[in-house]
Novice: 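This is the structure I want to talk about, given as C-alpha cells.
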Amino acid sequence: MSLRLFNTLSGQLDELTPSDGKTLRMYACGPTVYDYGHIGNFRTFLQVDVLRRTLHLLGIPVRHVMNITDVDDKIIRNATAAGIPIAQYTAPYEQAFLEDLDSLRIERPEQLARATEHIDRMVGLIQRLATAGAAYQAEDGSWYFRLSSFPEYGKLSKKDLSGMEDGARVDLDEYEKDSARDFALWKAAKPGETSWDTPIGRGRPGWHIECSAMAMEYLGDSFDLHAGGEDLMFPHHENEIAQSESVTHKPFARHWMHVRFLLVDGRKMSKSEGNFYTLRDLLLKGYKASAIRLALISVPYRHQLNFTFDGLTEATNAIDRLRTFHQRLITGSFAPGENPALQEAAKKAQADYLAALSNDLNTAEARAPIFDLIRAANTAIDQSQLLAGDRDAILAVLARFDAVFDVIEDHDAEPTRRALEWAEQAGRQADVAPELLARQSFTDEAVDALVAERTLAKKQRNFSRADQIRNELAEKGIVIEDSKDGVHWKRK
RNA sequence: GCACCGGUGGCGAAGUGGCUAACGCGCAGGUCUGCAAAACCUGUAUUCGCGGGUUCGAAACCCGCCCGGUGCUCCA
C-alpha cells in the first residue's frame, strides 16, 4: 500500500514515494530554541511523527532532517538581556525540547542540525546566489534576495505578487533594499550582537537561508518532502524555494506538507489571550503525556483542532479503554485454536486501519476499526469464544496501531516524574496540581498492601472495611477491579 | 479589503452523490457483581447551519444567506 498525502505545491493528493526508490528524504522545520515548546508546536511535530511512523509501517525507510534554530532576533535579544552568550542561553531550551519530544514519544529525526554549526554552508549559498545575480549587498552590509530574479515566486502559497507596487505600504528608505519585498539572507552585525566573520562580511544568517542550506547539505539539491506548520508556507517556505532553486535550477522539495494551526478554546493560542500552554504546563496539571499525544493526533493534520481540557479528559478515557483491553488479552488465559469470525475481524480491522492512514493520514478514521475490533473481541471473551490464536492476531493489530499512535504501552510515569523534577528546579512548584501530588504520594508497594488487606476483608465478608479501602484509594486516583482471575488496580 | 477553511447526536469527530449517518467520550436504563469497576446490550441525529436548486436519489454538487475560525507581518 502506498501513502497518498496532500501536496501544497500541486494542490492535490499525491502519492508520496522515495524518488531514489529506497529512502524517503524529508526535511521538517524544527524549533527556535528561545523558550519552552507549546502545544501548538507539538501538534506539528506530532503530525510529522505520525507521517514518519506511517511510512515505516508501510515499509518505507525515512531519512528525516530537522533544524534547530539557535540564532535569531529573539535569541539575541534575550541572551543580551541575560548577559550571557547565545549558546549558553539556548542550550537549556534545546535540551528541554528534546526531553519534550521524548515525553510525547515523538521519534527523533535521523539528523538534527543546529544553525550555528552550518554558517559556512549558508555563506556559501549566499555567494552562489550573488554569482547567479539573485543576491545583492545593501549599504549597511546586509545581503538580500532579489525577488525579481525568481519569477516563480509564490508558486507554493499560490500568491501572485506581480501586482504589488513597491513602496505602496512599506517605507523603502528604511530598508536599503532594491525592492520592498526582497528578504534578508544575511544581516550585517550591529555593535554588541553575536556575529560571524565571513567572506561576505561580519554578521549573522537570516532565518530562511538556514533551512535551505541545511536541507541541501543533508538531503541533496532535490528531495522528497518538506513539512512544517501552515504559517511557514509564506513567506518562509516560499523563500526557501526561491533561494534553493535559484542556485540549483532543480525542484527543491517535490512534496510539501503543512499542518494546520490549533485553536485553544476556540481562539488562536497566544500569551495575551491567556490560553497559552506548554507541554510542561499540562503535565504539571496532571494530564498524562499519552493523553496529550492522542488528543493532538486524533484530529487529522489538515483540520483545525480545537484544544480543550475536556478533549484531554476524553483522550485519557479512550486510552483507558485501549489499555484495559490490552491487559485483558495479555493476562487472560485462552484455549488453543482460532475462531474464524475473529480472525476475519482482525484482518478487516488491520486493512481498514492501514487504508485510513494511507489516505492522507486520516487518524480519526483509522481509530474506528480498532475500537470496532475491541468490542468484537470483548464480546467474544465474555462468551468464552476468543481463542489463543485470536489473541495473537488481535495483539498483532494492536501492535500496528501502537506503531503509529503509541499510547497503549504505558510510558506515562517518566514524563510526569521529569516534569515534577523540572518544576522544582525552575521554581514552578506552585503550578503543580494538588491532585497530582496526592497521586504521587502512594507507592506501588503501599497500594499492593492496601489491596491485599481489602481482599482479606472481602473474604471475611467485611464489606464495609473493603469499601472503605476502595474509596481511600479512589481518592488518590487508584481504581480497583475485581475480576475472575484476581484483583487488578491501576492509576487513573 | 483580498484569499481560504469549517458549521454532522450533549461534546469531539469520520463520511463528500445511493447499504440501517463510522468511531471515541459523556449521559440514561439493563446484564454481571456483596456493592462497584471492567465488559456487554439498549437508548441517546428520522437527520447532517438556514433557504432555494440540480438529480431517479444529496449531509455530500450548484446559488444565496447566517454563524465560527484562519492567512495576507515574527509565529508550529
Side-chain angles (χ1 to χ4, degrees), chain A residues 28-32 34-35 37-48 69 72-74 154 157-161 163-164 169-170 181 183 207 227-236 258-263 266-271 294-296 298-308 310-325 327-328 352-353 356 359 362-383 457-458 461-464 466-467 470-471 473-474 478-484 487-490 492:
Chain A
C29 290
T32 301
Y34 70 99
D35 204 346
H38 60 252
I39 55 175
N41 298 117
F42 289 114
R43 153 123 131 141
T44 299
F45 299 133
L46 277 165
Q47 293 289 355
V48 172
T69 298
D72 89 323
D73 291 346
K74 272 182 231 151
S157 53
K158 320 289 183 237
K159 283 180 193 301
D160 181 7
L161 300 178
M164 296 276 180
R169 290 176 61 189
V170 186
R181 297 219 156 230
F183 57 87
W207 174 41
E230 64 169 332
D231 56 307
L232 299 184
M233 193 165 86
F234 183 88
H236 182 56
H258 290 102
V259 180
R260 281 208 83 178
F261 264 166
L262 60 69
L263 304 178
R267 321 218 137 259
K268 185 167 168 175
M269 180 170 67
S270 75
K271 285 182 177 164
L294 187 65
L296 292 178
S298 288
V299 174
Y301 77 97
R302 282 208 290 147
H303 289 238
Q304 209 163 49
L305 160 72
N306 185 17
F307 178 89
T308 62
D310 284 349
L312 276 186
T313 302
E314 186 210 307
T316 304
N317 294 341
I319 288 172
D320 270 347
R321 179 164 167 84
L322 291 165
R323 289 182 179 170
T324 301
F325 173 70
Q327 276 302 112
R328 195 176 188 195
D352 290 350
Y353 167 72
N359 179 25
N362 193 336
T363 45
E365 196 178 6
R367 285 171 45 151
I370 301 302
F371 283 101
D372 282 337
L373 179 62
I374 289 176
R375 188 178 323 100
N378 268 325
T379 303
I381 296 175
D382 287 348
Q383 301 168 349
K458 270 179 49 174
R461 303 197 65 80
N462 181 358
F463 294 121
S464 65
D467 290 352
R470 188 168 64 197
N471 290 339
L473 288 170
I478 290 152
V479 182
I480 291 190
E481 291 175 20
D482 298 331
S483 75
K484 287 174 199 104
V487 183
H488 302 291
W489 63 268
K490 64 184 179 190
K492 258 281 180 196

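These values consider heavy atoms only, across backbone and side chains, with no hydrogens, waters or symmetry-generated copies. Naming: A, B, ... by sequence-line order, numbering from 1 per chain. Just so it is clear, the model here is predicted, and its values are computed rather than measured.
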Novice: Within the 4.0 Å heavy-atom criterion, would you say A:H303 contacts the bases, only the backbone, or no part of the nucleic acid?
Specialist: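 Since only primed, P, OP1 and OP2 atoms lie under 4.0 Å of A:H303, the category is sugar-phosphate.
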
Novice: To the nearest Å, how far apart are A:Q304 CD and B:rC67 C1'?
Specialist: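 A:Q304 atom CD is separated from B:rC67 atom C1' by 14 Å.
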
Novice: Tell me what A:R302 touches on the nucleic acid: a base, only sugar-phosphate, or nothing, going by heavy atoms under 4.0 Å.
Specialist: nothing

Novice: With a 4.0 Å cut-off on heavy atoms, is A:R43 in touch with a base, just the backbone sugar-phosphate, or nothing at all?
Specialist: nothing

Novice: Would you check if the side chain of A:N362 reaches a backbone N or O of A:N359 as a donor-acceptor pair within less than 3.5 Å?
Specialist: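 No.
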
Novice: Going through the distances and angles, do A:N306 and A:T308 end up as a side-chain contact (heavy atoms from CB on, under 4.5 Å)?
Specialist: CA-CA 6 Å; A:N306 185 17; A:T308 62; 4.2 Å; yes

Novice: Tell me whether the side-chain N/O atoms of A:N317 come closer than 4.0 Å to OP1 or OP2 in B:rG26.
Specialist: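 Looking at the OP1 and OP2 atoms of B:rG26, one of them is under 4.0 Å from a side-chain N or O of A:N317.
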
Novice: Could you check which of B:rA76, B:rC41, B:rG69 has an atom nearest any side-chain atom of A:H38?
Specialist: B:rA76

Novice: Counting side-chain heavy atoms from C-beta on, which of B:rC23, B:rG12, B:rA76 comes nearest to A:F261?
Specialist: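 The answer is B:rA76.
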
Novice: Over all strands shown, is A:G37 touching base, sugar-phosphate only, or nothing at heavy-atom distances under 4.0 angstrom?
Specialist: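 Nothing, no heavy atom under 4.0 Å.
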
Novice: So which nucleotide from B:rA37, B:rA14, B:rC75 ends up closest to the side chain of A:E481?
Specialist: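 Out of B:rA37, B:rA14, B:rC75, the nucleotide with an atom closest to A:E481's side chain is B:rA37.
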
Novice: Using Watson-Crick and G-U wobble pairs whose two distances are both under 3.5 Å, how do you write the pairing of RNA chain B as dot-bracket, with | for links to another strand?
Specialist: ((((((((.[[[..)..(....]]]((((((.......))))))....[[[[[..)....]]]]])))))))....

Novice: Given the C1' atoms of B:rC23 and B:rA45, what is the spacing between them in whole Å?
Specialist: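 Straight-line distance between the two C1' atoms is 15 Å.
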
Novice: Tell me what A:T324 touches on the nucleic acid: a base, only sugar-phosphate, or nothing, going by heavy atoms under 4.0 Å.
Specialist: sugar-phosphate

Novice: What's the CZ-P distance between A:F307 and B:rU70, to the nearest Å?
Specialist: 17 Å

Novice: Respond yes when some side-chain nitrogen or oxygen of A:N41 is under 4.0 Å from OP1 or OP2 of B:rA76, and no when none is.
Specialist: yes

Novice: Grab the CG-C1' distance between A:L296 and B:rG12 for me, whole Å please.
Specialist: 13 Å

Novice: Counting only side-chain heavy atoms from C-beta out, which of B:rA14, B:rU73, B:rU70 sits nearest to A:P235?
Specialist: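 Of the options given, the side chain of A:P235 lies nearest B:rU73.
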
Novice: Reckon A:N306 touches a base, only the sugar-phosphate, or nothing at all at heavy-atom distances under 4.0 Å?
Specialist: nothing

Novice: Categorize A:L232 for me: base, sugar-phosphate, or nothing, with a 4.0 angstrom heavy-atom threshold over every strand shown.
Specialist: sugar-phosphate

Novice: With no angle test and no hydrogens, is the base of B:rG34 tied to the side chain of A:D467 by a donor-acceptor pair under 3.5 Å?
Specialist: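 Counting by modelled atom types and ignoring angles, a donor-acceptor contact under 3.5 Å is found here.
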
Novice: Could you check whether A:D352 pairs with A:R367 (Lys NZ or Arg NE/NH1/NH2 to Asp/Glu carboxylate O, under 4.0 Å)?
Specialist: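 Looking at A:D352 and A:R367, the cut-off is not met.
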
Novice: Taking the minimum atom-to-atom distance to the side chain of A:V299, which one of B:rG34, B:rA13, B:rC23 wins?
Specialist: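 My answer, after comparing the listed nucleotides, is B:rA13.
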
Novice: If you measure from the C1' atom in B:rG9 to the same atom in B:rG15, how many Å do you get, rounded?
Specialist: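 So the two C1' atoms sit 15 Å from each other.
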
Novice: Say you pick atom P in B:rC27 and the same atom in B:rA38; how far apart are they, in whole Å?
Specialist: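 About 10 Å, rounded to a whole number of Å.
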
Novice: Just checking A:G40: base, sugar-phosphate only, or nothing, at a heavy-atom cut-off of under 4.0 Å?
Specialist: base

Novice: Just checking A:N362: base, sugar-phosphate only, or nothing, at a heavy-atom cut-off of under 4.0 Å?
Specialist: sugar-phosphate

Novice: Side-chain N or O of A:R181 less than 4.0 angstrom from OP1 or OP2 on B:rU73?
Specialist: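 Yes, such a contact exists.
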
Novice: Measure the distance from CG on A:D320 to P on B:rG24 and round it to the nearest whole Å.
Specialist: 15 Å

Novice: May I ask you to say what A:V479 touches in the nucleic acid, namely base, sugar-phosphate or nothing, with a heavy-atom cut-off under 4.0 Å?
Specialist: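 If one applies the 4.0 Å heavy-atom cut-off, A:V479 turns out to touch the sugar-phosphate alone, with no base involved.
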
Novice: Looking at B:rG71, B:rA39, B:rA13, which one has an atom nearest to any side-chain atom of A:K268?
Specialist: B:rG71

Novice: Would you mind classifying the nucleic acid contact of A:P369 as base, sugar-phosphate or nothing, using non-hydrogen atoms under 4.0 angstrom?
Specialist: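 If one applies the 4.0 Å heavy-atom cut-off, A:P369 turns out to touch nothing in the nucleic acid.
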
Novice: For a quick check of understanding: with a heavy-atom distance under 4.0 Å over all strands, which category does A:L262 fall into, base, sugar-phosphate or nothing?
Specialist: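 It contacts base atoms.
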
Novice: Over how many whole Å does the gap from A:D372 atom CG to B:rC40 atom C1' extend?
Specialist: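 Spelled out: CG on A:D372 to C1' on B:rC40 is 15 Å.
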
Novice: Please pick, from B:rA39, B:rC23, B:rC35, the nucleotide with the shortest atom-to-atom distance to any side-chain atom of A:D482.
Specialist: B:rC35

Novice: Counting the atoms with a prime plus P, OP1 and OP2 as sugar-phosphate, which does A:A318 contact under 4.0 Å by heavy atoms, base, sugar-phosphate, or nothing?
Specialist: sugar-phosphate

